[in-house]
Participant: 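Handing you a structure now.
What you are looking at is a predicted structure, and each value in this text was computed from that prediction instead of being measured. Just so we're on the same page: letters track the sequence lines, and every chain starts at 1. The figures that follow rest on heavy atoms only: side chains count, while hydrogens, waters and symmetry mates do not.
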Amino acid sequence: MATPRIAAVKGMNDLLPEQAPLWQKLEGTARRIAALYGFEEVRTPLVESTSLFVRGIGGETDVVGKEMYTFDDRGGESLSLRPEGTAGAVRAYVEHSRHAVDPIQKWFYLGPMFRHEAPQKGRYRQFFQFGAELFGVAEPRADVDLIALVVRFVRELGVSGLVLHLSSLGDEESRPAYREALVRHFSPHAARLSETDRRRLEKNPLRLLDSKDETVKALAEGAPSTLDYLSPASRAHFDEVLRGLDALGIDYEVDPKIVRGLDYYTRTTFELVATSGLGAQSTLAGGGRYDRMVEELGGPATPAIGFSMGLERLALLLEASGPALRRGPDLFLGVLGDEPGRTAQRVAERCRDRGCTVELTLKSGGVAKQMKRADRLGARFSAIIGDGERASGRVKLKTLATGEEREIALADLVEVVGAARETDGGQR
RNA sequence: GCGAGCGUAGCUCAAUCGGUUAGAGCGCCGGACUGUGACUCCGGAGGUUGUGGGUUCGAGACCCAUCGCUCGCCCCA
């Protein structure tokens with residue numbers, strides 16, 4: 001009987017070497033695009049005081065109310081694994097008085113988030129997000145710049161079939177009136193609503209617009225739009241965002257029904273939705289303004305806008321369009337014997353000094369076996385070093401792809417392999 | 001939290017109505033080829049059929065429970 005194995009925790013996945021190239025591409029592109037827009041990386045803790053999320057995101061939200069990994073540490077303080085990145089970023093902005101350094105802070109982050117939900121396609125308990133936060137600018141141009149970043153990122157990766165949904169939730173002035181209008185619209189039909197939807201009607205009527213229940217969907221068709229209740233200032237802001245996107249040629253769909261699940265949003269909200277490939281979890285990215293949150297967490301009144309994107313969902317879309325290639329080593333160095341092995345290892349080090357990737361035979365074996373390995377690894381060149389080579393100072397350098405073989409001086413090996421790498425920049 | 005589907009080798013799958021020793025392809029290891037990969041051929045390892053119980057002369061298959069995975073609902077990225 002085999003010893004029982006311990007499996008990974010439900011909803012938390014290993015990323016194995018085969019998947020690494022794809023993730024490196026995702027993260028590398030994210031960093032590069034963020035830099036193009038002047039965003040700098042911030043790394044905040046994975047664990048925060050539970051109260052941060054309760055205050056920042058809203059205790060009534062599903063994310064905080066029932067999906068957080070919460071525990072008491074040894075001192076009795078309630079801590080939680082971060083379910084999203086914005087609250088921690090705002091906390092850091094306030095804690096370090098960044099407004100005093102420069103009120104305009106442009107941050108991006110890349111890292112795991114945790115939510116205790118039933119896993120399904122595109123939804124995991126540990127998932128990676130790429131996100132950005134732009135503090136200190138109320139102007140709609142900031143909204144447009146941030147959305148442009150998101151759009152450029154997915155475009156750069158070659159993901160297609162995405163639609164940008166856009167709306168505005170208004171400000172302190174507009175929201176109460178809109179809320180009331182919604183209650184007026186749905187209340188006469190309360191009897192036909194499910195229990196949860198009736199509770200929503202009381203607590204957060206905005207939620208009803210997002211319902212998938214057919215009855216509610218039908219009712220929502222004729223519901224008043226948040227856009228009709230915007231204050232003049234919010235209206236002007238929203239219109240300017242739309243004009244800015246038009247000017248950049250970014251397509252969007254004004255969709256008053258998008259309601260973000262976190263309480264902190266004001267004014268502009270947006271989602272990037274996949275039209276296929278993600279099943280029920282079609283939202284790839286979400287974001288919006290949170291102009292009141294910095295103040296609510298004890299900082300000076302500071303407007304802000306941000307977004308976050310689920311990288312697993314992005315990976316799912318990218319995997320569908322073909323696997324990322326793993327690049328083999330520039331040189332495979334085979335070894336026959338201990339003494340030649342030491343020579344080969346020295347040569348390998350010199351190649352690596354030169355910036356070439358080298359796979360050296362570590363586990364002794366016959367030539368055929370070593371060549372098989374060279375082939376499987378996808379090496380560009382192979383050479384075997386044995387007593388003969390050591391004595392003569394000459395090696396046979398084989399180009400795996402063509403089978404062509406030529407004899408060169410062992411002393412020239414580094415230069416030949418290095419030059420070949422440089423002619424095509426290591427891209428093969 | 002709720003609902004549904006699925007668990008057979010490392011992977012993808014097969015196994016007649018419940019029938020005797022659970023197979024194949026790919027992959028892996030070895031050999032043909034003791035100093036040259038791919039193609040080919042030969043051989044090998046690898047399974048408590050997720051787990052526990054039940055029905056039966058007999059269970060991979062049927063029943064119950066349990067665990068896991070997947071998908072959907074809710075919600076979200």
Participant: To the nearest angstrom, how far is Asp62(A) atom CG from C73(B) atom C1'?
Facilitator: 13 Å
Participant: Parallel, tilted or perpendicular: which describes the rings of Tyr178(A) and Tyr229(A), with under 30° parallel and over 60° perpendicular?
Facilitator: tilted
Participant: Gly131(A) near the nucleic acid: base, sugar-phosphate alone, or nothing, with a heavy-atom cut-off under 4.0 Å?
Facilitator: nothing
Participant: Across all strands shown, which nucleotide pairs with C76(B) by Watson-Crick or G-U wobble geometry, both distances under 3.5 Å?
Facilitator: none
Participant: Please report the distance, rounded to the nearest Å, between OH in Tyr124(A) and C1' in C69(B).
Facilitator: 12 Å
Participant: When we call it a touch if two heavy atoms are under 4.0 Å apart, what does Ala118(A) touch: a base, just sugar-phosphate, or nothing?
Facilitator: base
Participant: With heavy atoms under 4.0 Å as the rule, sort Gly388(A) into base, sugar-phosphate or nothing.
Facilitator: base
Participant: What is the distance from NZ of Lys369(A) to C1' of G30(B), rounded to the nearest Å?
Facilitator: 8 Å
Participant: Which value, in whole Å, describes the distance between the C1' atoms of nucleotides C17(B) and U56(B)?
Facilitator: 15 Å
Participant: Please state the P separation for the pair G50(B) and G10(B) - nearest whole angstrom.
Facilitator: 13 Å
Participant: In this structure, is the centre-to-centre distance between the rings of Phe135(A) and Tyr93(A) below 6.0 Å?
Facilitator: yes
Participant: What nucleotide among G37(B), U36(B), C71(B) has an atom nearest to a side-chain atom of Gln120(A)?
Facilitator: C71(B)
Participant: Looking at Arg313(A) and C76(B), is any side-chain donor or acceptor paired with a base atom of the opposite kind under 3.5 Å?
Facilitator: yes
Participant: In this structure, how many angstroms lie between the P atom of C11(B) and the CG atom of Leu16(A), rounded?
Facilitator: 12 Å
Participant: For a quick check, tell me whether the side chain of Glu389(A) and the base of G35(B) share a donor-acceptor pair closer than 3.5 Å.
Facilitator: yes
Participant: From the options G72(B), G35(B), C76(B), select the nucleotide whose nearest atom is closest to the side chain of Lys121(A).
Facilitator: G72(B)
Participant: Below the 4.0 Å mark, does C28(B) have OP1 or OP2 next to a side-chain nitrogen or oxygen of Arg376(A)?
Facilitator: yes
Participant: Of the candidate nucleotides C73(B), G35(B), U36(B), which contains the atom at the shortest distance from the side chain of Lys398(A)?
Facilitator: U36(B)
Participant: Can you tell me how far C1' of A77(B) sits from CG of Leu284(A), to the nearest Å?
Facilitator: 8 Å
Participant: Specify the separation, in whole Å, of atom CZ of Arg373(A) and atom P of G27(B).
Facilitator: 16 Å
Participant: OP1 or OP2 of U36(B) versus the side-chain N and O atoms of Lys396(A): is any pair under 4.0 Å?
Facilitator: no
Participant: Please state how far atom CD1 in Ile384(A) lies from atom C1' in G37(B), giving the value in whole angstrom units.
Facilitator: 10 Å
